[in-house]
Amino acid sequence: MKKSSITAAVLLGAALGGFIAAPAQAAGLERLYILNCGEGVAGDISRWSPGVNEGKSMPFVDNCYLLKHAQGWMLWDTGLTDALAAKPEGQKPADPKATHWYRPKTLASQLEALGVKPADIKFVAVSHTHPDHTGNVEMFPQSMLLVQKAEYEWPGANNAPRFKPEHPVTRLEGDKDVFGDGSVIILSTPGHTPGHQSLLVKLPKTGALVLSGDAVHFKSNWDNRGVPAGNVSKEQTLASMEKIDSIRKKEKAQLWINHDKAQRDSLKMAPGYYD
Ligand SMILES: [Zn+2]
């Protein structure tokens with residue numbers, strides 16, 4: 001009797017140990033908030049999926065995602081510049097087929113409402129260096145930037161650098177497990193730009209999500225594997241979509257498409273959150 005209860009205790013301990021060890025792998029990530037980082041109207045969505053829905057306009061959104069991890073806060077994308085919030089007429093694109101953007105709420109006000117100061121943000125990672133994703137990078141001058149080397153070194157207009165040279169940066173070459181516990185993984189997904197990246201996050205209750213960046217722009221664009229005419233590489237874009245798709249299947253992950261308004265309208269915005 002005594003012997004068997006010791007055996008039971010040992011077995012229970014082993015079972016608990018096993019139970020605790022498995023989820024601890026991804027236990028560091030606590031919450032994800034979706035922030036409104038812009039809204040707009042795309043003039044002609046065949047710009048992103050050539051030959052499909054020519055001349056059709058569509059509302060677009062622009063999201064930022066704030067992650068609360070036991071080791072600190074991380075911001076994924078910074079959206080359109082907060083300065084745009086002062087312009088009710090928004091920002092009219094040079095190409096009428098592109099997106100006319102508005103900023104209904106500032107990023108700063110949404111962080112403040114959550115009690116998060118810019119200095120609290122440990123990591124800022126941007127999917128790529130288009131202005132609707134990098135508009136507020138300099139709101140976080142102390143935060144470590146996580147950017148692919150290929151994107152960082154991609155010359156801007158008139159050879160201008162894409163980021164302030166004094167901004168702390170880690171130049172990535174491929175995928176990166178940000179906190180070392182498997183809960184937040186940057187995925188190298190080039191094609192839209194030379195060093196485009198997406199993000200795999202594993203939340204304790206919600207499970208796995210892939211945040212697309214601009215590897216894809218909206219659902220039908222994903223369904224028909226549309227490659228925007230302006231992407232730097234069609235081959236890389238298609239390979240990146242396949243990479244996302246295989247990770248999505250392996251991790252049973254949802255794919256959250258940054259600019260897809262219909263999908264975003266079905267999701268909880270901050271101060272609501274996913275855990
Ligand atoms: Zn883009």
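The first residue of the sequence shown is numbered 1, and numbering continues consecutively from there. Whatever order the structure lists them in is the order used to number ligands and atoms, beginning at 1.
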Is there a side-chain contact between [X] and [Y] in this structure, where contact means two heavy atoms from C-beta onward sitting under 4.5 Å apart?
X    : Y    : result
H192 : W48  : no
P194 : E151 : yes
M74  : L199 : yes

Closest approach to the Zn ion (ligand 1) by H128, given as the N, O or S atom name: NE2
The Zn ion (ligand 1) is nearest to which N, O or S atom of D214? OD2
Within the stated cut-off of 2.8 Å, is an N/O/S atom of H130 closer than that to the Zn ion (ligand 1)?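 Of the N, O and S atoms in H130, at least one lies under 2.8 Å from the Zn ion (ligand 1), which means yes.
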Between N158 and A160, is there a donor-acceptor pair closer than 3.5 Å when you use the side chain of the first and the backbone of the second? no
